[in-house]
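Each remark here refers to the structure printed beneath this line.
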Amino acid sequence: MKQIPCVLTIAGTDPSGGAGIHADLKTFQELKSYGMSVITSVVAQNTTGVQDIHHVPLNMIKQQLDSVISDMPVHALKTGMIANIDMMKLVVSKISKLNAPYVMDPVMVATSGDPLIEENARDFLRKELLPLATLVTPNIPEAEYLTGESIETVDDMKQAAEHIVEKFGAGAALVKGGHMKGEAIDFLYDGSSLHTFSAKRINTKNTHGTGCTYSAAITAYLSQGLPLNEAVKKAKHFVTEAIQYSFPLGSGSGPTNHWATRCESSLD
């Protein structure tokens, strides 16, 4: 029997279905990887913002991780919202033993601007989690925090990607240009080469969960054995289509469309 690619997400929830664990599992399913999840925080949020957060007790996070890892193969994994140092220490202790590609989406602030990680946990993320990552996928504000450098130009983005790898030890860095003007350009530095991924910028406010979806797509493709550059290329197409055909749901920033790539022609 052909091996089933299995992928694990460790993140928070989104009851409105557009981001977090919910976006990750939808993406894994669409891309034909078997999705598994460990919930770190239960988040009350919708398209307008975050209303409340309840962190899952540490022992329960540990038991979720142990349940999955002891019974199921993990061919790739990603992390999203890991809100505090104790959670991060636990995650480090578990994933450092896994022989699988690890994609870090350094979730710090929601699309709405609401903080999703405690201030004192940010340094730990940078110093302890980042060096374990096969790939880290920051947007521009996140890359500014990780590097401590201002990013205002395309050249700044390229430099940030290189610094995240060379100074802070990540295996590779994908700095995303969603906050820039013009084309949506992302830069991947893999330790030796710089790769550019560009797509037309789509005029929509419905971008809730794009970072989760993009990183989840990369993780799914890595679980299937694709090289990093190819995984990012295919994931860029996936998230671009998901934004192109995003849903005008809710009164804020609506969600992306996770099934857009299988019905593009019917949605025109």
Side-chain angles (χ1 to χ4, degrees), residues 11 24 27 76-82 88 92 95 100-109 111 116-117 121-202 207 209-222 226-240 242-243:
D24 293 344
T27 301
L77 70 148
K78 67 158 285 190
T79 56
M81 178 184 176
I82 308 176
M88 291 181 186
V92 166
I95 70 174
Y102 163 40
V103 176
M104 179 202 290
D105 182 8
V107 175
M108 297 178 183
V109 179
T111 302
L116 296 174
I117 182 174
R122 298 187 180 197
D123 283 339
F124 189 92
L125 179 146
R126 180 167 53 189
K127 294 176 182 177
E128 303 295 334
L129 264 180
L130 194 57
L132 297 178
T134 304
L135 173 70
V136 60
T137 61
N139 58 31
I140 286 174
E142 291 162 347
E144 286 181 327
Y145 178 79
L146 290 173
T147 62
E149 301 164 357
S150 176
I151 300 174
E152 297 179 355
T153 68
V154 166
D155 285 341
D156 291 341
M157 291 175 63
K158 296 176 182 178
Q159 181 174 281
E162 293 176 358
H163 285 181
I164 289 170
V165 173
E166 294 172 354
K167 290 186 176 181
F168 302 107
L174 178 69
V175 177
K176 302 174 296 186
H179 289 75
M180 288 284 193
K181 295 180 180 180
E183 285 203 343
I185 302 177
D186 309 328
F187 294 102
L188 170 68
Y189 181 67
D190 61 10
S192 59
S193 301
L194 189 71
H195 308 272
T196 303
F197 303 88
S198 182
K200 64 180 179 180
R201 186 171 298 277
I202 297 159
T207 58
T210 50
C212 303
T213 299
Y214 196 175
S215 59
I218 295 169
T219 312
Y221 285 125
L222 290 175
L226 270 68
L228 179 60
N229 188 52
E230 183 67 16
V232 174
K233 179 181 178 181
K234 291 174 74 71
K236 177 73 169 178
H237 173 71
F238 181 85
V239 75
T240 300
I243 297 169

Taking all heavy atoms of I140 and all of G177, pick out the closest pair and write down the distance.
CD1-CA, 4.3 Å

Contacts of K234 that satisfy side chain to side chain contact (heavy atoms under 4.5 Å, CB included) - sequence neighbours left out:
Y221, L226, E230

Taking only residues two or more places apart in sequence, or in another chain, which ones meet K167 in a salt bridge (Lys or Arg N to Asp or Glu O under 4.0 Å)?
E149

Any side-chain donor near an acceptor of the partner, T27 and Y214, under 3.5 Å
no

Evaluation steps, side-chain contact (heavy atoms from CB on, under 4.5 Å), between V136 and V165
CA-CA 9 Å; V136 60; V165 173; over 6 Å; no

V92 vs L132 side-chain heavy atoms within contact, under 4.5 Å
yes

What's the separation between atom OG1 in T147 and atom CD in E142, rounded to the nearest 0.5 Å?
11.5 Å

Show me, pair by pair, the donor-acceptor contacts under 3.5 angstrom made by side chains of residues 187-194, not counting sequence neighbours?
from, atom 1, to, atom 2, distance (Å)
Y189, OH, E166, OE2, 2.7
Y189, OH, G191, O, 3.1
D190, OD1, S192, N, 3.0
D190, OD1, S192, OG, 3.2
D190, OD1, S193, N, 2.7
D190, OD2, H195, NE2, 3.1

Please test Y102 against L129 for side-chain contact (heavy atoms from CB on, under 4.5 Å), starting from the C-alpha separation and ending with a verdict.
CA-CA 10 Å; Y102 163 40; L129 264 180; 3.6 Å; yes

State, yes or no, whether a side-chain contact exists between D186 and V232 at a heavy-atom distance under 4.5 Å.
no

Matching residue for D155 among E152, K158, M157 - test: side-chain contact (heavy atoms from CB on, under 4.5 Å)
K158

Taking it one step at a time, do N139 and T210 satisfy side-chain contact (heavy atoms from CB on, under 4.5 Å)?
CA-CA 11 Å; N139 58 31; T210 50; over 6 Å; no

Tightest non-hydrogen contact, residues A143 and V175, listed as CB-CG1, 4.2 Å

When every non-hydrogen atom of D123 is compared with those of R126, the smallest separation belongs to OD1-NH2, 2.8 Å

Would you say T219 and P101 make side-chain contact, with heavy atoms under 4.5 Å?
no

Heavy-atom pair of closest approach, residues R201 and A184
NH2-CA, 3.8 Å

If you take all heavy atoms of I202 and T240, which pair is closest and at what distance?
CD1-O, 3.4 Å

Working note: V103 + T134, criterion side-chain contact (heavy atoms from CB on, under 4.5 Å); need CA distance, chi angles, decisive distance, verdict.
CA-CA 6 Å; V103 176; T134 304; 5.7 Å; no

Do the non-hydrogen side-chain atoms of P138 and E144 ever get within less than 4.5 Å of each other?
no

Closest contact, heavy atoms only, A235 versus I218:
CB-CG1, 3.4 Å

Does K233 reach the main-chain N or O of F197 with its side chain, forming a donor-acceptor pair under 3.5 Å?
no

